Amino acid sequence: MQKSPLHPFSATIMAWYAKHQRELPWRQTKDPYAIWLSEIILQQTRVAQGLPYFDRLITAFPTVRDLAEAPEASLLRLWQGLGYYSRARNLQKAAQMVMRDFKGSFPPTYDEIILLPGVGPYTAAAIASFAFNEAKAVVDGNVYRVLSRVFAIETDIASSAARGVFTSLAQSLIPSQDPATFNQAIMEFGALQCTPAPDCSDCPLRVSCEALSLGRVAELPFKSKKTKVKEIEMNYLVIEQKGQVLVRERTEKGIWKGLWEFYLIENSTEWLPFQRRALKSPPVHLLSHRKIHCEAWHVQVPDNFTLEIPEGYSWMSPSDFESKGKPVLLLNLISDNLDCPILQDISPTYL
DNA sequence: AAATCGGGGTT
DNA sequence: AACCCAGATTT
């Protein structure tokens, strides 16, 4: 098989990477399980935010078997605060698939890896190249930015055609002899040098970058659609009786599936016939597509009263509730009201 | 093709 | 306030 010559772009970024790469724990290993775990954590998540979660999860679940056999609740508790919780649920489904369908050994090819739930074209290429040296080019936000600028590509990265355009280009640039380093290099280059608002004065590609010579660095990559934010209201009642609190798991589709919460009233006012005390409202909670206004009250139900438990809810001790994964909104509600004894009992011991 | 799914850092 | 982050899945 004939070797194709190394493209100048590839040579430049790989030389740059040799000098500027960060030391990250998932770069110290060839274990596909550890690499996979890191890639799922890093989906739409900055390295700095994901790092402590990687340490925590690889310690709690050192092997794919440990992850497959863990209670889902404990996984979601460890994932608490990281967001996109379907990643955690798919992570465990995939671990169980590796145990069952691949007899416990991680599948070694892109075509098999992409069959795992939660693994799409980016993550499959990352694992296949990093762990198994398969020459599949990764295309993530960094790659869109670097390639659109260096080669002055005006394709709308929000369009469905964009992935194909950039994947073809990246695949033509990746060297078959060291695909892993190329993939690491182009992403690290996008993260550290070719940033959204870059300093091009010390860029090793400044003489060949087409966007720079065209004066279009700030305009690339081009992205059309912007997300619209919907404002919603969430009212929580911390209903307490005999030292327990009324809670439920969010099982319906939508945000925070698999996480736990207090008695929720959305966009309406219905009241229990008991004395209630207003709690301090947590700050307005901003998600990428939601703006959540929250108010909360503490309700003390007399011991001798038998409360009709609403569908889906149950009584739980504060320590059991502490062990469940909760949205950051609720963590803020709890930490802002530590003068309320039962909330103090629920207050997490870490994070 | 467009919407959905979190939370946090940068500018 | 807008944009982005080692994107994937559902509608």
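From a predicted model like this one, the values you see are computed outputs, not experimental measurements. Just so it is clear: chains get the letters A, B, ... in the order the sequence lines come, proteins before strands, and each one is counted from 1.
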Counting only side-chain heavy atoms from C-beta out, which of [options] sits nearest to [X]?
| X | options | value |
| --- | --- | --- |
| A:L24 | B:dG6, B:dA2, C:dA6 | C:dA6 |
| A:D140 | C:dC4, C:dA6, B:dG7 | C:dA6 |
| A:Q49 | C:dC4, B:dG7, C:dA8 | B:dG7 |
| A:V47 | C:dC4, C:dA6, B:dG6 | C:dA6 |
| A:R27 | C:dT9, B:dC5, C:dA6 | C:dA6 |
| A:N142 | C:dG7, C:dA6, B:dG6 | C:dA6 |
| A:P121 | C:dC4, C:dA8, B:dG6 | C:dA8 |
| A:R46 | B:dT4, C:dA6, C:dC4 | C:dC4 |
| A:K228 | C:dG7, C:dA6, B:dA3 | B:dA3 |

Rounded to whole angstrom units, what separation is found between the [atom1] atom of [X] and the [atom2] atom of [N]?
| X | N | atom1 | atom2 | value |
| --- | --- | --- | --- | --- |
| A:I114 | C:dG7 | CD1 | P | 15 Å |
| A:F54 | C:dC5 | CZ | C1' | 18 Å |
| A:I40 | C:dA8 | CD1 | C1' | 9 Å |
| A:K223 | B:dA3 | NZ | C1' | 13 Å |
| A:L82 | B:dC5 | CG | P | 17 Å |
| A:Y17 | C:dA6 | OH | C1' | 12 Å |
| A:L331 | B:dG6 | CG | P | 14 Å |
| A:I127 | C:dG7 | CD1 | P | 13 Å |

Angle class for the A:F166/A:Y144 ring planes (parallel below 30°, perpendicular above 60°, tilted otherwise)? perpendicular

Check the phosphate of [N] against [X], side-chain N and O only, distance under 4.0 Å to OP1 or OP2. Yes or no?
| X | N | answer |
| --- | --- | --- |
| A:H285 | B:dG7 | yes |
| A:Y144 | C:dC4 | no |
| A:W256 | B:dG7 | yes |
| A:R163 | C:dG7 | no |
| A:H289 | B:dC5 | yes |
| A:Q44 | C:dG7 | yes |

Any N/O donor-acceptor pair, A:R290 side-chain to B:dC5 base, under 3.5 Å: no

Does any N or O donor sit under 3.5 Å from an N or O acceptor when you compare the side chain of A:S288 with the base of B:dG7? no

For atom CZ of A:R65, is the number of surrounding heavy atoms from other residues, nucleotides or ligands below 6.0 Å larger than 12? no

Toward the 5' end of DNA chain C, by each residue's nearest nucleotide, A:N90 or A:W26: A:W26

If you assign A:P221 and A:T123 each to the DNA chain C nucleotide with the nearest heavy atom, which residue ends up on the more 5' nucleotide? A:P221

Taking the six-membered ring for Trp and the full ring for Phe, Tyr or His, determine whether the centres of [X] and [Y] are under 6.0 Å apart.
| X | Y | answer |
| --- | --- | --- |
| A:F9 | A:F151 | yes |
| A:Y313 | A:Y263 | yes |
| A:Y33 | A:F106 | no |
| A:Y110 | A:F132 | no |

Within the 4.0 Å heavy-atom criterion, would you say [X] contacts the bases, only the backbone, or no part of the nucleic acid?
| X | value |
| --- | --- |
| A:G50 | nothing |
| A:I41 | nothing |
| A:V119 | sugar-phosphate |

Same cluster for A:Y53 and A:L37 if Ile/Leu/Val/Met/Phe/Trp/Tyr side chains link at under 4.5 Å? yes

Rounding to the closest angstrom, what is the interatomic distance between C:dA6 and B:dC5 at atom P? 23 Å

Give me the distance, rounded to whole Å, that separates C:dT10 from B:dG6 when you measure between the P atoms they each carry. 14 Å

Taking the nucleotide of DNA chain B with the nearest heavy atom to each, does A:R87 or A:K225 sit closer to the 5' end? A:K225

